[in-house]
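Just the heavy atoms: all of them, side chains too, but no hydrogens, waters or symmetry mates, feed the values below. Numbered from 1 within each chain, the chains take letters A, B, ... in sequence-line order.
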2 protein chains.
Amino acid sequence: MSESNSVLIGRKPVMNYVLACITLFHGGANEVKVKARGRAISRAVDVVEVTRRRFMPDVKVKKIDIGTDQLASFEEGGTPTNVSTIEITLAK
Amino acid sequence: MSESNSVLIGRKPVMNYVLACITLFHGGANEVKVKARGRAISRAVDVVEVTRRRFMPDVKVKKIDIGTDQLASFEEGGTPTNVSTIEITLAK
């Protein structure tokens with residue numbers, strides 16, 4: 001699957017990302033990955049739930065992966081920060 | 001599995017819930033469910049990641065379920081609110 005079928009969740013309203021998912025599926029994608037880090041993780045789950053329940057009931061959650069990304073500190077010598085990640089794969 | 005092997009994530013610091021998970025495993029549990037709703041979902045992922053990476057590397061993520069809970073409105077006649085949920089099953 002090409003990486004272009006990914007929706008990276010940020011701080012915009014949930015519906016923006018829901019629309020992005022729907023657009024990818026309507027454009028012919030069979031799989032869409034919804035990715036988020038840190039506090040956006042709960043929004044990623046919202047996006048998936050709204051997409052499935054309100055707009056595309058034929059879309060299933062195929063896989064959910066969680067993990068940790070290590071962010072380099074801005075200051076030299078500073079300790080790196082860990083941030084949790086989620087990747088939810090939707091498939092129809 | 002008994003329902004007592006669940007850790008419900010709220011607004012306390014992540015380490016409180018990490019300690020709860022570790023205590024359940026050390027008390028003999030083979031599975032622990034980490035549950036959260038709404039904005040606490042990202043904290044649930046933090047709890048799982050810290051538990052696995054820093055304290056219990058032998059613990060694996062067995063299953064992740066996401067869903068939607070419908071909350072009744074406080075006011076009569078109000079529309080119910082949907083809230084996303086996550087349930088992460090840890091097993092060693």
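A/Val32 and A/Met15 fall within a single hydrophobic cluster, where Ile, Leu, Val, Met, Phe, Trp and Tyr side chains are chained together by heavy-atom contacts under 4.5 Å.
Between the side chain of B/Tyr17 and the backbone N or O of B/Ala44, no donor-acceptor pair lies under 3.5 Å.
Neither the backbone nor the side chain of B/Arg43 comes within less than 4.5 Å of any heavy atom of chain A. At a 4.5 Å heavy-atom cutoff, A/Val50 makes no contact with chain B through either its backbone or its side chain. Looking at B/Val83, neither its backbone nor its side chain comes within 4.5 Å of chain A, counting heavy atoms on both sides. Heavy-atom distances place the side chain of B/Val61, and not its backbone, under 4.5 Å from chain A.
Your options are B/Arg39, B/Arg53, B/Lys63, and the one with the most heavy-atom pairs under 4.5 Å with chain A is B/Arg53. Between chain B and the residues A/Thr85, A/Thr68, A/Asp46, the most heavy-atom pairs under 4.5 angstrom are made by A/Thr68.
Atom CG of B/Asn82 sits about 9.0 Å away from atom CG of B/Asp69, to the nearest 0.5 Å.
Looking at A/Leu24 and A/Val7, their side chains come closer than 4.5 Å, going by heavy atoms from C-beta outward.
Donor-acceptor pairing under 3.5 Å is lacking for the side chains of A/Thr89 and A/Glu31.
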